[in-house]
2 protein chains.
Amino acid sequence: MISKKCKYALKALIYLAKNQERPTPIFSSEIAEQERIPKKFLETILRELRNAQILHSSRGKTGGYKLNKAADQILLTDLIRIIDGPIAMLPCVSLNYYATCPECDESSCTIKGVFEKVRDETLAIFGSTSIKSLL
Amino acid sequence: MISKKCKYALKALIYLAKNQERPTPIFSSEIAEQERIPKKFLETILRELRNAQILHSSRGKTGGYKLNKAADQILLTDLIRIIDGPIAMLPCVSLNYYATCPECDESSCTIKGVFEKVRDETLAIFGSTSIKSLL
DNA sequence: TCAATTCCTATAAAGTTTATAGGAATTATT
DNA sequence: AATAATTCCTATAAACTTTATAGGAATTGA
């Protein structure tokens with residue numbers, strides 16, 4: 001399952017992509033209202049997306065958020081990794097968040113294989129799905 | 001990510017499958033020691049697997065556990081659903097644990113599709129992977 | 001009767017997710 | 001210069017989930 005946070009992030013990105021043509025940046029408060037996301041929680045999400053270069057933000061009274069890339073350049077793999085972390089279902093098969101299984105001899109492990117297959121199929125799908133394709 | 005519990009369950013099933021030819025059932029204490037799983041925690045896991053008809057148990061001094069099906073009839077889809085619940089990454093695309101998204105109009109939802117694809121690919125892999133194939 | 005097991009329920013401990021609080025820094029406008 | 005509205009930041013609370021343990025009841029073969 002993806003987290004609620006990740007779903008909020010996705011909704012926010014889609015909202016920003018839909019309103020990409022506006023001349024001024026978009027307030028987090030507007031997104032929060034329209035998408036029914038808790039305002040303060042959304043702020044921390046948007047900040048994470050900005051830290052990851054997905055969004056551009058500006059401050060002050062006329063501040064707000066904008067996409068920092070074309071909507072077809074923002075992939076679900078990016079989003080999920082930023083917000084939820086690993087996409088793989090086992091730490092030891094994660095490409096971006098690899099970790100050894102504490103009590104598991106990896107060379108003789110018989111279960112890795114199937115989880116690598118799932119990871120690859122999942123990455124293929126999320127990696128070829130952009131925010132633009134979800135409008 | 002699958003839970004630690006689910007990984008424990010998988011290890012236990014593989015252990016039981018490996019020792020399927022033994023005349024007597026296998027103690028949870030033996031599995032716990034061999035696979036380094038907390039004993040009491042393992043007991044609750046094995047009970048869940050028994051409740052789901054995956055295992056057969058017998059009580060008393062010579063009691064223990066055995067597979068209740070051929071190892072090639074126990075699929076990863078079964079295991080994961082019993083222990084962790086839904087395989088899908090969104091409640092609204094789960095086949096076995098469907099739930100509506102609270103604030104989401106499902107008919108106009110644009111994100112379901114990609115998660116259905118991931119679900120289908122994942123089910124195809126886990127659904128064609130048996131405990132036997134992991135020995 | 002004993003010893004060892006499975007079985008059951010409750011609960012503790014630890015960790016994660018979700019959300020809020022309170023304000024600092026910034027910036028256009030008045 | 002003051003104001004008002006924003007983003008930004010850190011800390012923490014609240015809720016929930018996962019992981020693990022405790023304490024024994026029921027069962028069964030010897």
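So you know, we letter chains A, B, ... as the sequences are listed, proteins then strands, and number each from 1. Worth knowing before you read on, the calculation uses all heavy atoms, side chains too, and leaves out hydrogens, waters and symmetry mates.
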Check this one for me: any side-chain N or O of A:R47 less than 4.0 Å away from OP1 or OP2 of D:dT10?
no
Can a side chain N or O of B:S57 be found less than 4.0 Å away from OP1 or OP2 on C:dC7?
yes
Applying a 4.0 Å non-hydrogen cut-off, can you work out what B:K5 is touching in the nucleic acid: base, sugar-phosphate, or nothing?
sugar-phosphate
B:Y8 side chain near D:dA20 phosphate (N/O to OP1/OP2, under 4.0 Å):
yes
Does a side-chain N or O from A:S3 land closer than 4.0 Å to OP1 or OP2 of C:dT18, or not?
yes
Dump the intermediate steps for side-chain contact (heavy atoms from CB on, under 4.5 Å) on B:L76 and B:L134, then the final yes or no.
CA-CA 10 Å; B:L76 282 192; B:L134 299 178; 4.1 Å; yes
Rounding to a whole Å, what distance do you find between B:N68:CG and C:dT6:P?
16 Å
Quick one: B:Y97 OH to D:dT17 C1', roughly how many Å, whole number?
16 Å
Please figure out whether A:T44 or A:T62 has its closest DNA chain D nucleotide nearer the 5' end.
A:T62
Report the end-to-end axis angle of the helix from C:dT1-D:dA30 to C:dT30-D:dA1; each axis comes from five terminal pairs, and the value is rounded to 10°.
0°
Run the salt bridge (Lys or Arg N to Asp or Glu O under 4.0 Å) check on B:K39 and B:E43 step by step: do they pass?
CA-CA 6 Å; B:K39 186 165 168 303; B:E43 275 184 39; 3.6 Å; yes
Using 0.5 Å steps for rounding, measure from the CD1 atom of A:I111 to the CD1 atom of B:I14.
6.0 Å
Minimum-distance nucleotide (side-chain atoms of B:K4 versus D:dT19, C:dA19, D:dT7)
D:dT19
On the side chain of A:R59, is there an atom forming a donor-acceptor pair with the base of D:dT7 - under 3.5 Å, no angle test?
yes
Phosphate OP1/OP2 of D:dT7 contacted by A:K61 side-chain N/O (<4.0 Å)
no
Say you draw a straight line from CD of B:Q34 to NZ of B:K11; how long is it, rounded to the nearest 0.5 Å?
12.5 Å
Applying a 4.0 Å non-hydrogen cut-off, can you work out what B:K40 is touching in the nucleic acid: base, sugar-phosphate, or nothing?
base
Please determine if B:E30 and B:R22 form a salt bridge, counting it only when a charged side-chain N lies under 4.0 Å from a carboxylate O.
yes
List the atom of A:Y97, the atom of A:R81, and the distance in Å for their closest heavy-atom pair.
OH-O, 2.8 Å
Rounding to 0.5 Å, atoms CG (B:N68) and CZ (B:R50) come to a distance of 11.0 Å
Of A:P38 and A:G60, whose closest DNA chain C nucleotide lies nearer the 5' terminus?
A:P38
Where along residues 20-28 of chain A does a heavy atom come under 4.0 Å from DNA chain D, residue by residue in number order?
A:F27, A:S28
First locate atom CG of B:L67, then atom NZ of B:K132, and finally report the distance between them rounded to the nearest 0.5 Å.
12.0 Å
Taking OH from B:Y65 and P from C:dA4, how many angstroms apart are they, rounded to a whole number?
18 Å
Just how far, in rounded Å, is C1' of D:dT7 from NZ of A:K66?
16 Å
What is the distance from atom CD1 of A:I82 to atom CD1 of A:I45, rounded to the nearest 0.5 Å?
12.5 Å
Distance (rounded to the nearest 0.5 Å) between B:D120 CG and B:I125 CD1:
11.5 Å
5'-most contact on DNA chain C (nearest-nucleotide basis), A:E43 vs A:S58, goes to A:E43
A:R50 vs D:dT7: side-chain N/O to OP1/OP2 distance below 4.0 Å:
no
